[in-house]
Amino acid sequence: MLETSIQPLVLMYHGIVSEWTALPKGREAGADLYDVPTVSFQEQMEWLKTERYSVGILNEATPFPDEHRVILTFDDGEMNNYDQVLPVLKKCGFRAYFFIIAKRIGESGYMGWDELRAMHEAGMVIGSHGFSHEILTNLMDSQVEEELCASKKYLERNLNITIDAFSMPRGFCNNKVIRMAYDAGYKHVFISDRPRALKLECLSRVAVKAGWLIKRFEQAVTGTTPAHERVIGKSKSAIKRVFGEGIYDWVRRVLVRI
Ligand SMILES: [Zn+2]
């Protein structure tokens, strides 16, 4: 599969939180940088609705050109996705992707099977985010295969649906792990920033961050991100590629607040 240059804009969310939201214990360092307040999320969805963006899922029949389509994705499967996100999406008539860490289903602060079933019944797409949230590029091939296949089967067996979308845990990927995801039976693979050396087709995503005001959200959707942020984004990708997870986490903490 070769890289395709045109894709709809895909936004990547994690937690959507209000001051009463109980956050899961044992989240990864820096997870709070992506905790979008519920009021901001509502405002963002209302803006998409007012501006008549087509918000839906891939391969859906839509008269809209790709430039006017937005795909929403939510990683990690936190309970706030059910409490805070689902009501807003239902109200707007939007569908979205929810990528679940199989091992954490039903743990405190994460959705359980009942919530996942309700999501599916409401038209949301459930995808896999790996079994344990391990960074796949750090693992041996047999472990990667296990993360890809065991999570898929576990979700499929318990929800009685086909799982054909995968999002890369922590965004680290290379040609090999993406190829393995397709070999495991996934049809759509979502990443975050696209590494330059990546040859395979997959969907890159724009991360919506905790402190974004509505203006910054509009810039992300309309492709008018301020130049200094584009430079920072490129630097972060390069650091991630060269140094790996430890240094990247540190840099992310410093840069993401700019
Ligand atoms: Zn994740």
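Bear in mind the structure is a predicted one, so any value in this text is a computation, not a measurement. Indexing begins at 1, ligand by ligand and atom by atom, following the structure's order.
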Q.
Would you say the ring centers of Tyr97 and Phe74 fall short of 6.0 Å from each other?
A. no
Q.
Other members of the hydrophobic cluster containing Met140, with the 4.5 Å side-chain heavy-atom rule, please.
A. none
Q) Would you call the rings of Tyr186 and Phe166 parallel, tilted or perpendicular, where under 30° means parallel and over 60° means perpendicular? A) tilted
**Q.** Phe98 ring center within less than 6.0 Å of Tyr82 ring center
**A.** no
Q: Can you run down the ring pair (Phe, Tyr, Trp, His ring centres under 6.0 Å) pairs that involve residues 107-126, sequence neighbours left out, and say none if there aren't any?
A: Trp113-Tyr154
Q | Total protein N/O/S atoms whose distance from the Zn ion (ligand 1) is less than 2.8 Å | A | 3
**Q.** Test side chain to side chain donor-acceptor pair (under 3.5 Å) applied to Asp141 - qualifying residues, sequence neighbours left out
**A.** Lys176
